[in-house]
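I have placed the structure first, in the form of structure tokens, so that the comments after it can refer back to it.
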Amino acid sequence: MRVVALDFETFFHKKEYSVSKMGNWRYVHDDQFDPYLLTAYDGAESWAGRPEDFNWASVEGDLCIAHNAGFDKSVTEGLVELGRAPEFVVQQPWQCTANMCAFLADVRSLRDSIKVLEKRNISKAIRDDMSGVQWKDLNATEQTAMKEYAVRDAIECHSLWTKYSDRWPEFERNLSSLTMKQCRRGVRINVPLLREYIELLGSVIFELERSLPWTARGAKPTSPIAIAEECATVGIPAPPVKEDDEEGFDLWESTYGPKFAWVYAAGQWRSLRKLLSKFQTIEDRLRPDDTIDFSLLYFGAHTGRWSGGGSGLNFQNFRKVPLFLNKKLQVIKPPTGLSAKLLAAWKAEYVFKSIDERALIIPRAGKKFILADLSQIEPRVLAWLTGNVELLKMLKTMSIYEAFARQNMGWRGGVLKKEDADKYQMSKIQVLGLGFGCGWEKFIKIAAGYDVALTPTESQLIVSGFRETNPRITRFWATLDNAYRKSTKSDFRIGLPSGRELIYHDVRAEIRQKKNRTTGQFESKQVITSEVALRRKELYGGLLAENVTQAAARDVFGEHMLTLEEQTGDVLFHVHDEALMETELEVTTQDVEAVMSVTPDWIEGLPCAAEALEVPHYTK
DNA sequence: GTAGAACGCGCC
DNA sequence: AAAGGGCGCGTTCTAC
């Protein structure tokens, strides 16, 4: 099949009008939309000019490629709608060299791709300088320069494909194609509910802002300077930096919160503003059929996971728990650890209104939602990678938490969850929290996230106990750590079960200043660094184990997603191990679970399981 | 004036 | 010797 690289240059304005802020559909359907230049290159000939002057028939039946093909394809669709390009172009296959480069070298932009793969520097200055500039604003010389620049990009894109596409497996290309399809397809929005939420949230934020002592003095709501000044005025210490000292921050909040309501307010304001911005973004992007498109980045993380960015709206961080409001429109939170029944009672008594952002996503007419997640995929993969065959066998008849308790916590009884809920919970936090080398301090925080309070001594005992009774896991860390250290002065490569590789470039032993956690003093420490996605990172055994596990789990999920899309229904979007499906009414949760329970043939012996639920809207 | 660091907050 | 990680985006403030 002949391959044609296409590259559009379109009008943009960095701050007000750009794809990265607006997403593909909204950008293409704005009054300012102006694709003033199209370049094409088929490996022999290049062309540059107005898109409507292009001989589209000449690319019929070709594979169209582009760097960020999701964008160029959207532009083409926009042109089709305007009658300026023929329909067949968007029906034939497209593929994306930016996605290919993300897979091959953990980079996306054309500039970075050429830098890493071709060891050359190309300039994007001409394009960067076009912010806010119209084609007609350019003189003849500038227009020629622009054409030459754009042709060069089309040629670079084509060359990348020619040179490297055979290293991009079919499976990955299919995931890339599916990702582009999902982003364009988008989801249906409950528009009346969206409008209700926007209005309600606006009032909540207004009330909250009014309650801050420093906003009256003209300071910004979350200004750290203004907050520190207020603290000084009332004679309390300023809050510690949360990122550096979370416990200190929590202590500060719980100490002074009861006395000064504004202690919680800055954090709350951030959280609410974030939510409101998201709602407004969704509203801005509504298409005529009440759906919106979104962006998911194929291979957005170096482990291969997708990331949720790229267009100012992240579909991978919808709040799980709704926002609860009392009659005064203040945010309230249920006490931790309530049963479903008690939570319902709490809501009935205290909650005036709630805001559930996940409820905004609803099925299209005549379709239904099935929400499915892959059960404990990471600990299962870790057990597989470390050869814990006995544990994997036990999963045929019990949960991984019960199996772990039998293997490591001396459980000899029946169904653990029913017979000893506390032990079950203790097993769960260990399985989820200790597989990748976390220490006792961090483990206290992880446990707290599951409503389990641990003292330092308890945490230390659990962590050391876990390491003693799980030598396969600690050996796995050590093996990776040793192999990584031995790769100094070269690249470190880890083969994954699916056949692809994780690569850490240019491994180096370095001396860095590190804070000793007990003394608080900085000391010289040796660390082993390497380059990942053009950034130098410190890595060690536990972290490498985590990367490998995450990467392998992603591949398993990818297999399932392709099958689901092919056999079961539309996979609207996904968040690492859960997929929201929009299906025909006759499709059952069992159909979905059956697909997600299949073990890919390259990871024989890994038991996969899934839980699928029919839901009226996206939910936790 | 704008870019980017720093920080905080949302998810798995 | 010990060390959980992977993301994106909104706001504020500093540096250029």
Side-chain angles (χ1 to χ4, degrees), chain A residues 14-15 20-21 106 128 131 219-227 239-246 249 266-278 280-281 294-297 299-321 323 357-358 373-374 376-378 382 429-430 432-443 445-446 449 463-464 466-467 473-474 477-478 481 514-518 523 525-528 532-533 537-551 553-554 557 573-579 620:
Chain A
K14 254 183 195 168
K15 292 195 83 174
S20 59
K21 293 222 181 315
D106 302 320
D128 294 341
S131 177
K220 301 273 174 64
T222 59
S223 162
I225 296 170
I227 294 168
V241 173
K242 198 172 176 180
E243 232 167 55
D244 301 346
D245 180 12
E246 203 174 341
F249 183 88
Q268 230 169 52
W269 189 89
R270 278 200 184 91
S271 160
L272 297 174
R273 273 297 315 173
K274 194 174 158 69
L275 193 59
L276 181 58
S277 305
K278 195 167 189 170
Q280 287 165 337
T281 303
F294 55 83
S295 161
L296 268 185
L297 295 177
F299 231 94
H302 74 93
T303 54
R305 294 220 297 205
W306 284 258
S307 67
S311 70
L313 175 62
N314 189 341
F315 260 54
Q316 293 192 321
N317 69 349
F318 279 82
R319 295 175 73 116
K320 285 183 71 153
V321 181
L323 207 62
E357 59 174 326
R358 294 195 181 206
D373 76 283
L374 206 42
Q376 314 96 30
I377 186 63
E378 289 196 4
L382 179 62
I429 60 177
Q430 291 184 62
L432 298 178
L434 293 179
F436 306 119
C438 125
W440 66 268
E441 287 168 303
K442 183 80 180 175
F443 188 59
K445 290 180 191 167
I446 292 174
V463 171
S464 57
F466 178 92
R467 292 180 184 179
I473 289 178
T474 53
W477 302 341
D481 203 70
K514 289 279 166 191
K515 201 173 187 178
N516 182 315
R517 273 190 323 195
T518 36
E523 295 166 2
K525 292 276 179 190
Q526 191 196 49
V527 293
I528 313 294
V532 180
K537 290 196 170 188
E538 288 172 27
L539 292 115
Y540 50 88
L543 176 44
L544 291 164
E546 200 277 341
N547 281 190
V548 177
T549 306
Q550 191 181 100
R554 170 273 187 194
F557 185 70
F573 66 96
H574 52 97
V575 190
H576 311 310
D577 60 3
E578 75 174 26
K620 71 172 172 178

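So that the names make sense, note that chain A is the first sequence line, chain B the second, and so on, each numbered from 1.
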- Message: Evaluate A:R319 against A:S271 for side-chain hydrogen bond (donor to acceptor under 3.5 Å, both in side chains), listing each step before the verdict.
- Response: CA-CA 10 Å; A:R319 295 175 73 116; A:S271 160; 3.0 Å; yes
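Note on A:T303: every side-chain N or O is 4.0 Å or more away from OP1 and OP2 of C:dG6. Phosphate proximity of C:dC7 to A:R554: absent, as no side-chain N or O sits under 4.0 Å from OP1 or OP2.
In this entry the distance linking CD of A:E378 with P of C:dC7 reads 13 Å, nearest Å. A straight line from NZ of A:K445 to P of C:dA3 spans 13 Å, rounded to a whole angstrom. Taking atom CH2 on A:W306 and atom P on C:dG8, their separation rounds to 15 Å, with Å as the unit. When rounded to the nearest whole Å, the span between NE2 of A:H302 and P of C:dC7 equals 5 Å. One interatomic measurement links the two molecules: CG of A:L544 to C1' of C:dG6, which rounds to 14 Å at whole-angstrom precision. In this structure, the CH2 atom of A:W440 is 11 Å from the P atom of C:dG4, given to the nearest Å. Put simply, CG on A:L275 is 12 Å from P on C:dT11, counting in whole angstrom units. Rounded to whole angstrom, the span from the CG atom of A:L272 across to the P atom of C:dG10 amounts to 15 Å.
With sequence neighbours excluded, the residues satisfying ring-ring contact (aromatic ring centres under 6.0 Å, His included) with A:F557 are A:H574.
In this structure, A:L543 and A:W477 have side chains that are not in contact, with every pair of non-hydrogen atoms separated by 4.5 Å or more. Here the side chains of A:L272 and A:L323 are in contact, with some heavy-atom distance below 4.5 Å. Counting heavy atoms from C-beta outward, A:S295 and A:L313 have side chains that stay 4.5 Å or more apart. When side chains are defined from C-beta on, A:F294 does not count as touching A:N314, because their heavy atoms never get closer than 4.5 Å.
One finds a salt bridge joining A:E378 and A:R305 here, because a Lys/Arg side-chain nitrogen approaches an Asp/Glu carboxylate oxygen to under 4.0 Å.
Among the atoms of the strands shown, none is found under 4.0 Å from any heavy atom of A:K21. When heavy atoms are screened at a 4.0 angstrom cut-off, A:K278 is found touching no nucleic acid atom at all. Note on A:S131: nothing from the nucleic acid sits closer than 4.0 angstrom, heavy atoms only. When heavy atoms are screened at a 4.0 angstrom cut-off, A:G312 is found touching the sugar-phosphate backbone but no base atom. Residue contacts shown for A:K242 are limited to sugar-phosphate atoms, with no base heavy atom under 4.0 Å away. When heavy atoms are screened at a 4.0 angstrom cut-off, A:F318 is found touching the sugar-phosphate backbone but no base atom. Counting any heavy atom pair closer than 4.0 Å across all strands shown, A:R319 reaches sugar-phosphate atoms only and no base atom. Across all strands shown, A:G433 has no heavy atoms under 4.0 Å from either base or sugar-phosphate atoms.
Distance alone, capped at 3.5 Å, places no donor-acceptor pair between the A:T303 side chain and the A:N547 backbone. For the pair A:R554 (side chain) and A:F299 (backbone), a donor-acceptor distance under 3.5 Å is absent. With A:E578 contributing its side chain and A:D373 its backbone, the two residues share no donor-acceptor pair below 3.5 Å.
Scanning DNA chain B 5' to 3' for nucleotides with an atom closer than 4.0 angstrom to a non-hydrogen atom of chain A gives a first and last hit of B:dT2 to B:dC12.
Comparing C:dG5, C:dC9, C:dA3 against the side chain of A:N547 picks out C:dG5 as the nearest.
A:Q550 contributes no side-chain N or O that forms a donor-acceptor pair with the base of C:dG6 under 3.5 Å.
Once the 5.5 Å centre distance and the 30° plane angle are applied, the aromatic ring of A:Y540 is found not to be stacked with the base of C:dA2.
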Please list, pair by pair, any protein nitrogen or oxygen found under 3.5 Å from a nitrogen or oxygen in nucleotides 12-16 of chain C.
residue: C:dC13; atom: OP1; partner: A:S223; partner atom: OG; Å: 2.3

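Annotation: cation-pi geometry satisfied between A:K278 and A:F318 (NZ/CZ under 6.0 angstrom from ring centroid, within 45° of ring axis).
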